[in-house]
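What follows is a single structure, written as structure tokens, with notes after it.
All values derive from a computational prediction rather than experimental measurement. Quick note: numbers below take in every heavy atom, side chains included, and nothing from hydrogens, waters or symmetry partners.
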Amino acid sequence: DVQLQACGGGLVQAGGSLRLSCAASGFTKHYYTIGWFRQAPGQEREGVSRITLTDGIPYYADSVRGRFTISSDSAKNTVYLQMNSLKPEDTAVYYCAADPDVPASDGFDKLRRWALYWGQGTQVTVSS
């Protein structure tokens with residue numbers, strides 16, 4: 001079975017940095033898109049960033065572009081999300097999701113709707 005293990009969350013002051021990791025195991029196909037989503041209390045889950053392991057092309061939500069960087073290590077089936085210049089509004093539970101059939105170029109909505117695999121989430125809290 002495919003499993004996603006997300007970690008790296010924590011409490012940080014505004015302007016600080018965190019790096020999240022999403023380690024995948026059990027992949028049986030060559031092509032996977034992995035995305036990061038976040039959900040704050042009372043809000044819908046929103047896309048943050050996504051990448052396809054095979055081509056490494058990153059995509060970002062407007063709210064994080066220029067502050068967050070997604071990267072991948074295909075040999076380890078691990079995706080990282082480096083988050084810099086964090087703001088209180090970045091506070092949320094961050095989830096990673098993976099799917100072998102949804103290209104990263106197809107957008108957050110499609111990945112959120114169709115992703116087969118989800119990690120357990122990691123809490124990110126940014127204090128002002």
Side-chain angles (χ1 to χ4, degrees):
D1 291 344
V2 172
Q3 292 187 344
L4 302 179
Q5 182 70 37
C7 63
L11 173 63
V12 65
Q13 290 187 334
S17 299
L18 286 172
R19 189 176 83 152
L20 306 183
S21 300
C22 177
S25 61
F27 278 175
T28 59
K29 297 184 179 182
H30 177 65
Y31 177 98
Y32 279 88
T33 291
I34 295 183
W36 284 100
F37 294 81
R38 66 187 182 187
Q39 188 166 19
Q43 297 187 18
E44 293 187 353
R45 190 169 297 188
E46 65 173 357
V48 176
S49 186
R50 62 195 191 273
I51 193 168
T52 301
L53 292 180
T54 51
D55 61 26
I57 297 175
Y59 298 85
Y60 300 98
D62 290 342
S63 59
V64 306
R65 186 174 291 111
R67 299 187 297 123
F68 291 9
T69 302
I70 192 170
S71 61
S72 63
D73 183 337
S74 58
K76 297 181 179 179
N77 283 340
T78 299
V79 170
Y80 305 96
L81 185 69
Q82 177 66 42
M83 306 187 296
N84 298 329
S85 301
L86 283 161
K87 304 176 181 179
E89 50 263 44
D90 294 318
T91 295
V93 178
Y94 283 69
Y95 300 89
C96 59
D99 193 88
D101 296 316
V102 178
S105 56
D106 279 9
F108 286 118
D109 288 346
K110 189 172 182 179
L111 182 61
R112 179 177 53 225
R113 179 179 180 184
W114 295 106
L116 284 177
Y117 311 107
W118 288 86
Q120 82 285 8
T122 184
Q123 176 71 46
V124 172
T125 302
V126 184
S127 63
S128 57

Shortest non-hydrogen contact from [X] to [Y]?
X	Y	answer
Ser17	Asn84	OG-OD1, 2.9 Å
Asp101	Pro103	O-CD, 3.3 Å
Ala98	Leu4	N-CD1, 3.7 Å

Nearest 0.5 Å please: distance from the [atom1] atom of [X] over to the [atom2] atom of [Y].
X	Y	atom1	atom2	result
Gln120	Gln5	CD	CD	4.5 Å
Ser74	Leu53	OG	CG	6.5 Å
Met83	Thr69	CE	OG1	11.0 Å
Gln13	Ser128	CD	OG	9.5 Å
Arg113	Asp99	CZ	CG	12.5 Å

Sub-4.5 Å side-chain heavy-atom contact between [X] and [Y]:
X	Y	answer
Arg38	Ser63	yes
Asp106	Leu111	no
Asp90	Phe68	yes
Val124	Leu20	yes
Cys96	Val79	no
Ser49	Leu81	yes
Phe108	Glu46	no
Tyr32	Tyr117	yes

When clusters are formed by joining ILVMFWY residues with side-chain heavy atoms under 4.5 Å apart, either directly or through shared neighbours, do [X] and [Y] land in the same one?
X	Y	value
Tyr95	Tyr59	no
Val102	Trp36	no
Val93	Val12	no

**Asked** Under 3.5 Å, side chain of Gln39 to main-chain N/O of Ala92, donor-acceptor pair present?
**Response** no
**Request:** Spell out, as yes or no, whether a donor-acceptor pair under 3.5 Å connects the side chain of Thr122 to the backbone of Cys7.
**Result:** no
**Prompt:** Cation-pi between Arg19 and Tyr80: NZ/CZ under 6.0 Å from ring centre and within 45° of the ring axis?
**Reply:** yes
**Request:** Please say whether the positively charged group of Arg112, taken as NZ for Lys or CZ for Arg, lies over the ring of Phe37, i.e. under 6.0 angstrom from the six-membered ring centre and within 45 degrees of the axis.
**Result:** no
**Message:** Checking Gln3 now: which residues fulfil side-chain contact (heavy atoms from CB on, under 4.5 Å) with it, not counting sequence neighbours?
**Reply:** Ser25
**Prompt:** How far apart are the C-alpha atoms of Thr91 and Gln123, what are their side-chain angles, what is the distance that settles it, and do they pass the side-chain contact (heavy atoms from CB on, under 4.5 Å) test?
**Reply:** CA-CA 8 Å; Thr91 295; Gln123 176 71 46; 4.0 Å; yes
**Verdict with reasoning, Leu116 to Val2, per side-chain contact (heavy atoms from CB on, under 4.5 Å)** = CA-CA 9 Å; Leu116 284 177; Val2 172; over 6 Å; no
**Request:** Applying side-chain contact (heavy atoms from CB on, under 4.5 Å), run through Trp118 and Arg45 and close with a yes or a no.
**Result:** CA-CA 12 Å; Trp118 288 86; Arg45 190 169 297 188; 3.3 Å; yes
**Request:** Answer with yes or no whether the side chains of Thr52 and Thr33 bring together a donor and an acceptor at under 3.5 Å.
**Result:** yes
